[in-house]
Number of protein chains: 2
Amino acid sequence: MRARILDAAEAQFAKHGFDGVAMRDVAGRARVDAALLHYYFGTKKGLFDAVFARRAAVLNRVRIDALDEYARRAGHNVTVEGALKAFTDPLLELAALGDKGWKNYFALLAQVNNTPAWGGRTMTRYFDPVIQRLVEVVRVALPDADPQDLYWSYHFLSGALTLVLSQTGRLERLSRGLCRSGDIEAVYARLTPFMTAGFLAVCQPAGARKVRAGGAVRRRSDGRMLQAGRG
Amino acid sequence: MRARILDAAEAQFAKHGFDGVAMRDVAGRARVDAALLHYYFGTKKGLFDAVFARRAAVLNRVRIDALDEYARRAGHNVTVEGALKAFTDPLLELAALGDKGWKNYFALLAQVNNTPAWGGRTMTRYFDPVIQRLVEVVRVALPDADPQDLYWSYHFLSGALTLVLSQTGRLERLSRGLCRSGDIEAVYARLTPFMTAGFLAVCQPAGARKVRAGGAVRRRSDGRMLQAGRG
DNA sequence: GTCTATAACTGGATAGAC
DNA sequence: GTCTATCCAGTTATAGAC
């Protein structure tokens with residue numbers, strides 16, 4: 001019963017946000033009486049928090065496990081790519097299950113992650129430990145990286161990942177049907193390579209960085225970029 | 001008067017989203033009578049659309065101009081980095097002005113971009129032309145790139161860019177004050193290098209791609225990734 | 001634990017005076 | 001163009017029967 005309410009609330013909050021959802025709607029979709037929601041969860045905010053916390057716990061466990069497992073197996077041979085895969089793959093696997101609940105939850109995360117009023121606080125409260133663990137593991141691969149570069153790089157990854165899972169239909173429209181945003185296989189094939197290259201470009205100290213052909217970048221001492229070659 | 005209402009509405013919608021804002025609040029902050037909002041904009045949705053459209057027009061003009069200008073000057077020597085800079089720099093410059101209005105607007109964009117119910121449609125309606133132009137210009141640098149790879153890469157960029165501008169305070173908290181999300185100089189220094197590397201890693205056809213040391217990736221025919229070396 | 005009824009309030013929107 | 005007054009639909013939340 002509790003679960004049915006949480007499922008319905010999750011779907012509605014994911015689609016319309018906290019303020020766009022009426023307790024009545026949730027009760028109707030869950031096919032329970034409206035007063036029950038208050039009996040179980042007290043307030044609307046209580047219901048929302050319960051929705052948010054339920055899968056956060058699961059998500060954090062599988063990701064922390066994946067990161068620990070990867071760090072243990074890789075030892076000193078940790079790579080940026082391996083660390084990022086350990087962080088994102090468990091999430092993509094859940095998204096690929098076809099489970100409506102997880103898809104809704106990820107769409108909810110995308111909204112919260114971009115909600116100025118309280119989104120930052122909420123994401124911090126629930127997800128900081130796993131992200132700090134990710135940064136730790138990446139640091140094994142890039143021991144000389146500037147922490148600021150690592151955090152900014154993660155921030156870029158976070159934005160991309162949440163938008164990918166946000167189910168807005170944006171990509172379909174933009175690509176005129178060429179890409180489907182629910183196509184997790186397509187994300188698997190591209191997200192980690194993209195992000196790995198990004199992390200390396202930003203976080204690898206200048207001395208250790210290989211200069212690549214075409215569009216090589218070099219960091220100046222003040223942190224601004226200079227474009228090498230023809231601009 | 002219209003402008004004062006739009007400014008107040010922009011700030012409120014940016015912070016709390018469409019459903020989190022009351023017309024009364026907007027009227028109060030704009031210090032005008034509540035009935036005036038309906039006189040000028042008809043409905044709440046009419047007000048929201050006016051807010052959204054106002055700066056979209058400005059943003060589209062400066063970005064299209066920057067892309068055209070860059071394509072003209074670079075000719076056949078277009079680089080991915082140059083194209084991405086032409087696309088993002090005008091936006092970052094507006095964000096760096098210190099103008100509260102633009103900051104609010106970008107936070108609003110971040111929310112809309114991640115709103116499942118109608119965000120995709122809205123972003124498409126207002127911003128598709130400039131993005132198609134970006135893809136066109138990037139294609140001059142990567143003529144053999146698969147369009148799907150380009151659209152996915154843009155999707156990643158879009159998510160990162162909107163989160164960066166979303167003003168949630170997330171980055172501050174995560175980095176324990178080491179980074180400030182409003183620090184546009186820091187974004188300048190990192191966003192383009194990160195995204196350029198990502199685009200090249202994903203969109204450069206395998207034949208033309210240099211294999212990099214450490215964490216090299218190869219695409220299989222089915223699009224899945226294989227990690228080279230120790231995983 | 002569950003449902004009925006309703007309190008208490010806030011929301012968008014409008015009619016009509018000036 | 002602007003403001004007063006108000007309508008009324010929809011909201012969260014609770015009291016109390018069963």
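Letters A, B, ... are given to chains in the order of the sequence lines, protein chains preceding strands, and every chain is numbered from 1. Just so it is clear, the values below take in all heavy atoms, side chains as well, and ignore hydrogens, waters and symmetry mates. Please read these numbers as outputs of a predicted model, since none were measured by experiment.
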Student: May I have the step-by-step check of side-chain contact (heavy atoms from CB on, under 4.5 Å) for B:Leu157 and B:Tyr154, ending in yes or no?
Tutor: CA-CA 5 Å; B:Leu157 165 60; B:Tyr154 167 74; 4.2 Å; yes
Student: Could you state the CE-P distance from B:Met23 to D:dC8, rounded to the nearest angstrom?
Tutor: 20 Å
Student: Round to the nearest Å and state the distance from B:Asp19 atom CG to C:dT10 atom C1'.
Tutor: 14 Å
Student: Below the 4.0 Å mark, does D:dT2 have OP1 or OP2 next to a side-chain nitrogen or oxygen of B:Tyr40?
Tutor: yes
Student: Any idea which of D:dT2, D:dA13, C:dA13 is nearest the B:Met1 side chain?
Tutor: D:dT2
Student: Under 4.0 Å between any heavy atoms, over every strand shown, what does B:Val26 touch: base, sugar-phosphate, or nothing? Just pick one.
Tutor: nothing
Student: Quick check on C:dA13: is either OP1 or OP2 less than 4.0 Å from any side-chain nitrogen or oxygen of B:His38?
Tutor: yes
Student: Would you indicate which nucleotide in C:dG11, C:dC3, D:dT12 comes nearest to any side-chain atom of B:Arg24?
Tutor: C:dG11
Student: Find the distance B:Asp33:CG to D:dT2:P and express it as a whole number of Å.
Tutor: 10 Å
Student: Can you tell me how far C1' of C:dT2 sits from CZ of A:Arg4, to the nearest Å?
Tutor: 13 Å
Student: Starting at atom CG of A:Leu36, determine the distance to atom P of C:dA5, rounded to an integer number of angstrom.
Tutor: 16 Å
Student: Would you call A:Asp128 and A:Gln132 a side-chain contact if the rule is heavy atoms closer than 4.5 Å?
Tutor: yes
Student: Taking only Lys NZ, Arg NE, NH1 and NH2, and the carboxylate oxygens of Asp or Glu, determine whether A:Lys45 and A:Asp49 approach each other closer than 4.0 Å.
Tutor: yes
Student: Check whether any side-chain N or O of A:Lys44 sits under 3.5 Å from a backbone N or O of A:Val21 as a donor-acceptor pair, and report yes or no.
Tutor: yes
Student: Please give, in whole Å, the distance from C:dG1 P to A:Leu37 CG?
Tutor: 15 Å
Student: Under 4.0 Å, heavy atoms only, any strand: does A:Ala22 hit a base, just the sugar-phosphate, or nothing?
Tutor: sugar-phosphate
Student: Do the side chains of B:Leu109 and B:Leu59 get nearer than 4.5 Å, heavy atoms only?
Tutor: yes
Student: Nearest to the side chain of B:Thr43 - C:dA13, D:dT12, D:dT2?
Tutor: C:dA13
Student: Expressed as a whole number of angstroms, how long is the span from B:Phe41:CZ to C:dT14:C1'?
Tutor: 18 Å
Student: Rounded to the Å, how far apart are B:Tyr39 OH and C:dA15 P?
Tutor: 15 Å
